[in-house]
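Proteins come first, then strands; the chains are lettered A, B, ... in the order of their sequence lines, and each starts at number 1. These figures come from a predicted structure and were not determined experimentally.
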2 protein chains.
Amino acid sequence: MKKSCQHHHDSAPQELSTLTSRLRRESRKITGPRAAILEILRHHPHPLTNREIFDELPKGECDLATIYRAMQMLEKLGMVKRFDFGDGAARYELMGEGDDGHHHHLICTRCDTVVEIEECFPAEIEQRIAAKNNFKAVTHRLEFFGICPACQK
Amino acid sequence: MKKSCQHHHDSAPQELSTLTSRLRRESRKITGPRAAILEILRHHPHPLTNREIFDELPKGECDLATIYRAMQMLEKLGMVKRFDFGDGAARYELMGEGDDGHHHHLICTRCDTVVEIEECFPAEIEQRIAAKNNFKAVTHRLEFFGICPACQK
DNA sequence: AAATTAGTTGCAAATGATTTGCAATTGAGG
DNA sequence: CCTCAATTGCAAATCATTTGCAACTAATTT
Ligand SMILES: [Mn+2]
Ligand SMILES: [Mn+2]
Ligand SMILES: [Zn+2]
Ligand SMILES: [Zn+2]
């Protein structure tokens, strides 16, 4: 049987020590900027752009380029998941160790409110699509858009 | 009963005259660049980036900025649908008159081959997501990624 | 057919996100 | 405390996309 989805946002944030030890394990240094970035990610339940992370940081704490490099590295190590909401900016969300981070969002097109979504595209249909076209290792990128309760008034 | 999906790629391309009359109807001029762009779109079954359109055009036929402006206009008029494959570039596909153009793609992550997909995210699940979160006018953006037959070898 | 004019275009410069070169700095093991 | 590979800040480079503007032209009006 398949283990049910375990999205990080359902549980308490990972310890910072858990994250840093993962970095050390990969012979990455624990630097001020990195610790600060991880702290911000730890406390945010939704994907953040590099600029949003930058703006959360005390000014002068870290260069924007450093954030870009850090997020690239964290993504490569599988510690963050990259999302794309269709505006020009990449967004990142921390993901748990075993978790592959695959999940989706519901975004308000008026105010940009983000809701984490449990549902996923049905695996049977995806398998049918893969088989029909002889594709292997098929996955998907999926986000929902609509008007949130507050913006309906 | 619901009318089955009628994606333009299932049928013959629209006549150029159909497209130009639509432009005229909206008091837009039929210019050389626009006719050339529409011709290219008409003959391509998959979404194209502005640069791809530009490269298809005989050199000097039209400025890249003109293509950007044309695609923006065509999107506003509902004549093309914009897609996002997650790389930094917008892609456009011609859509039929009544059609809202909503559909999805399966993209090879090795060679960028694109397959048009008939399947869509199940409406019942989407409605449940909308209701659960009190969102209105919920829609989605969905693309599949995998390894195409040719790239599996 | 010439005049009129709103809509278009090319070109260059501006934006915005992201990347990169490089010299100076520093974390972590020994 | 030493050593050195990893990291950082800063500035410049890339890339996609947008925009200001003066010159141009399709389509409508004389
Ligand atoms: Mn999320
Ligand atoms: Mn398509
Ligand atoms: Zn999914
Ligand atoms: Zn769909």
Nearest-angstrom distance from the residue atom CG of A:D84 to C1' of C:dA17: 12 Å
Contact under 4.0 Å: A:Q72 side-chain N or O vs C:dT19 OP1/OP2: yes
Test applied, side-chain hydrogen bond (donor to acceptor under 3.5 Å, both in side chains); reference residue, B:H103; option that passes from B:E118, B:E119, B:E116: B:E116
Spacing between A:I67 atom CD1 and C:dA17 atom C1', to the nearest angstrom: 13 Å
Flag side-chain contact, heavy atom, 4.5 Å: A:Y92 against A:F83: no
Interface limits on DNA chain D, where chain B has a heavy atom under 4.0 Å of a nucleotide atom: D:dA16 to D:dA27
Heavy atoms of other groups near B:K132 NZ, more than 12 under 6.0 Å: yes
Ring centre gap for A:H104 and A:H140 strictly below 6.0 Å: yes
Sugar-phosphate only, base, or nothing, as touched by B:E61 at under 4.0 Å among non-hydrogen atoms: sugar-phosphate
Any residue meeting side-chain contact (heavy atoms from CB on, under 4.5 Å) with B:L77, in chain and number order, not counting sequence neighbours: B:L23, B:E26, B:R28, B:M73, B:M79
B:Y68 OH to C:dA14 P, straight-line distance once rounded to whole Å: 18 Å
Sugar-phosphate, base or nothing in reach of B:A90, heavy atoms under 4.0 Å: sugar-phosphate
Separation of C:dA17 P from A:M71 CE (nearest whole Å): 16 Å
Test salt bridge (Lys or Arg N to Asp or Glu O under 4.0 Å) applied to B:R110 - qualifying residues, sequence neighbours left out: none
Base-contact (B) and sugar-phosphate-only (S) positions in nucleotides 22-28 of chain C, heavy-atom cut-off under 4.0 Å, - elsewhere: B---BBS
Inter- and intrachain pairs under side-chain hydrogen bond (donor to acceptor under 3.5 Å, both in side chains), touching residues 73-83 of chain A, at least two apart: none
ring-ring contact (aromatic ring centres under 6.0 Å, His included) between A:F85 and A:F145, intermediate numbers included: CA-CA 9 Å; A:F85 287 0; A:F145 299 88; 7.1 Å; no
d(CZ, A:R51; P, C:dT15) in whole Å: 14 Å
A:E97 with A:R25: basic N within carboxylate O range, under 4.0 Å: yes
Distance-only side-chain donor-acceptor flag, A:E56 / A:H43, under 3.5 Å: no
Sole residue of A:R91, A:E93, A:H46 in side-chain hydrogen bond (donor to acceptor under 3.5 Å, both in side chains) with A:H105: A:E93
Overall bend - the helix from C:dT19-D:dA12 to C:dG30-D:dC1, comparing terminal axes fitted on five pairs, nearest 10 degrees: 30°
Protein-nucleotide distance (B:L64, atom CG; C:dA13, atom C1'), rounded to Å: 15 Å
Rounded interatomic separation in angstrom, taking CG from A:L74 and C1' from C:dT18: 16 Å
